[in-house]
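Just so you know, residue 1 is the first one in the sequence shown, and it goes up from there.
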Amino acid sequence: MAAPESECGGTDGYRDLRGVRVELDPGTARVGGGGGFAVSFWLYLSSSARPSSVILRQVTENVMRLHLDGSLTAEASVCSLFDGPESQDDANQISLVGSDGKLEGYIYNIEVSSVLGNIKEQYTKNPPFKLSIDYSCSDGIEEGGDGIWNIVGGKASCRRNFILEVVLTNAFGAPVKDKEVVASLVYADDGTVVAKSRDDSEPPLLITCDGLEYAAITRPLPIIRGRALFKLKISQLSSKCDNKLFRIQFSTLHMQRYPFLEAYSKPIRCISRSRTVHPLGPGKRASSATVDETDLLNNGQGFVSADKVNGREHSMCLDAPMFPKIEGGMVKVVEAHKMVSQNKNARKVVVSKEAQNVMRTDSSTSNYDSFDSGSSWSGSDGDDGIETFSDAVVFRYCLDSTYDRLKFLRGAAPTVNKDDLVKLADQVSLYSGCSHHRNQILMSKRLLREGADTWNMISKNNERALWSSAIPEIITKFTNIAHSVSRGLSEQDVEVLRGIAGCGEDIGRDEFDRLWYWLYPVAVSLSRENIKKLWDCTTPRWIEGLITIEEAENALRSSRELLKEPGTFVLRFPTTRSWPHPDAGCLVVTYIGSDNSIHHRLLSLDSSDASAENLQDLLLQEPELSQLGRVDRLPTAIRR
């Protein structure tokens, strides 16, 4: 049998794994003096985060070889396939059966050929596509303690924009072009499309294009360099739909619906107004960071919690993300030069020009047009006193998006000293009520410096570099920062990194920065002794590797419909949290709750004095956790 060749990424080449059957006749393949046959296809399993290239070749009359993702993984004698007496009658026939019902997935672009070509050419031929959401670019979303997004919607005067970016790449992480993606609003429980409540009502999901609003389902966006940015609004409230939760569904246009060509947001609760953010009460003041803390972070010694510095100890707990995203800015601040009084005792704002531009807004629209010098929190009282960051800048940092914080820190961190960075970290922790912000600010100086040095080493002053030459340097930096000598990164870990970067066979500075801002906090976290012991432990493997949320959830399933026992859990680093997000580098527990559904909770490790040996025990002492799950990944070489 020879499968017809289909267009790259097309729908004709996809087949359900359970319906695939290939009949091979090795004798026929060798007619005319040929050497054998080759069967090649892409395999996408529901339990895997990415497809794999499979090539089965008969290289001699009695030898068959199996290649996965371009590497030789197995070799067998053809005669051994016919050892059983029941096989003697069909000794000249080989049957390849897709699945016996135990595996669920798809096969793409299956081909049978009597010509044995180059493995690399066959491996890289016609890679399939995958659609995903890049949560690091999302904005205007508030995430509740239950992990559900709260989005303000409803009538036109109340609803707010929120932003989601989708990524369409091939199996090698290279961006796909000349495709379109459309967004729709569906119910979270069964995936059915949310309909209008009345014939004359607005569409449930709206998209803003060129300043005008349209029904999202009628306005697909083109994929440009593998990405499309959606600016959306929801007009349908959850309270009008029996309090059901929604999701945003993204799907490729003019292509059949397959799991890997669709992407779904987290569950959404559409509300009519923002929920009140309660101020901190007495006794909830964030503890201070110290310069020693900054030194430890900048020397790759890991997150040193303030509790250890102050001599207190707290137990480990599961926690939801502590700082929800709040829509763009919310507080207008005056231009930096107008925040400083002009008299003799004025204090100077010492931040770089780039950082000033990030924090600068039009003062004519601001309700906070004047700040006297007494509102500042740092600097001496003398004539030469220096104010590094004003209260207005600190408040703006607390309320701004992760992207705006990133731009500010990129401009400010390289130019300020350690003491100023510590003061900023303390104030942000105090005003936001989230101590996790401290770690991201304290590590920023070295993160940016080492990132620039690493890129210069990789690129050699060129605009782009080959991925194959860049990844060894990146892994070396990772292991040095994490102080990991017993465990490196697997090939699958490397593929996850490539997916985070969003690059193909080569990588540019923007793609490198995207990877570095995720990987550096993870490496710093792994340098902590108790987490490092979890990483180094392989029996059992407490941290499987750099896995995606899809791999974590699939590890908790016995099949597509059935979950494993409640209490089963896996540990992972969230691939959607990059510096300077407060959760970047933190561990997340993905587990099956007592309600027989999958949950994701941030692992808050505020007890630095807890011994590494006790951390596993602390996890298993949690009432919701009882047994460690297993992520099934194909065995690959470890790269150091």
Check your understanding: How would you list, by chain and number, every residue that makes a side-chain contact (heavy atoms from CB on, under 4.5 Å) with Y403, sequence neighbours excluded?
Key ->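 Listed in chain order: S401, K407.
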
Practice item. For N596, check side-chain contact (heavy atoms from CB on, under 4.5 Å) against everything at least two apart and list the hits. Key: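 So N596 forms a side-chain contact (heavy atoms from CB on, under 4.5 Å) with L563, P566, I592.
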
[X] side, atom [atom1]; [Y] side, atom [atom2] - distance, nearest 0.5 Å:
X	Y	atom1	atom2	value
Y591	I598	OH	CD1	11.5 Å
R630	T568	CZ	OG1	14.5 Å
K533	N530	NZ	CG	9.0 Å
W542	L587	CH2	CG	11.5 Å
L409	Y517	CG	OH	10.0 Å
I471	L466	CD1	CG	13.0 Å

Flag side-chain contact, heavy atom, 4.5 Å: [X] against [Y]:
X	Y	result
P574	I549	no
P521	Q440	yes
R487	W535	yes
I547	V496	no
K477	W516	yes
I268	I148	no
W518	F573	yes
P580	Y397	yes

Between [X] and [Y], is there a donor-acceptor pair closer than 3.5 Å when you use the side chain of the first and the backbone of the second?
X	Y	value
E473	A470	no
S525	V522	no
K564	A555	yes
W149	R247	no
E622	L619	no
R269	L245	no
W579	A584	no
D453	E450	no
R405	D400	yes
T476	P472	yes

**Study point:** Residues V428, R438; criterion side-chain contact (heavy atoms from CB on, under 4.5 Å); working and verdict
**Key:** CA-CA 7 Å; V428 169; R438 175 190 295 110; over 6 Å; no

**Study point:** Aromatic ring pairing F512/W455, orientation class (parallel under 30°, perpendicular over 60°, tilted between)
**Key:**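 Because their plane-to-plane angle lies in the 30° to 60° range, the rings of F512 and W455 count as tilted.
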
Exercise for review: Decide whether H437 and S429 meet the rule of one side-chain donor and one side-chain acceptor closer than 3.5 Å.
Suggested key: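 There is no such pair between these side chains.
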
Review point. Looking only at side chains, do N462 and S459 share a donor and an acceptor under 3.5 Å apart?
Key: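 No, S459 and N462 have no side-chain donor paired with an acceptor closer than 3.5 Å.
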
Return the minimal non-hydrogen interatomic distance between [X] and [Y], and the atom names on each side.
X	Y	value
V631	V570	CG2-CG1, 4.2 Å
H436	D583	ND1-OD1, 3.8 Å
H600	V588	CB-CG1, 4.2 Å
G502	P175	O-CD, 4.4 Å

May I ask you to say whether [X] pairs ionically with [Y], meaning some side-chain N is under 4.0 Å from a carboxylate O?
X	Y	value
R577	E143	yes
R498	E495	yes
R509	D513	yes

**Study point:** side-chain contact (heavy atoms from CB on, under 4.5 Å) between V167 and I133, worked out
**Key:** CA-CA 6 Å; V167 181; I133 301 174; over 6 Å; no

Check your understanding: Around E565, counting heavy atoms of other residues, nucleotides and ligands shown, do more than 12 lie under 6.0 Å from its CD?
Key ->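 Check fails, neighbour count at 12 or below.
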
Check your understanding: Passes side-chain contact (heavy atoms from CB on, under 4.5 Å), S484 versus D536? Steps please.
Key -> CA-CA 8 Å; S484 178; D536 290 339; 3.8 Å; yes

**Study point:** Pair W467-V494, side-chain contact (heavy atoms from CB on, under 4.5 Å): steps then yes or no
**Key:** CA-CA 10 Å; W467 172 258; V494 170; 3.8 Å; yes

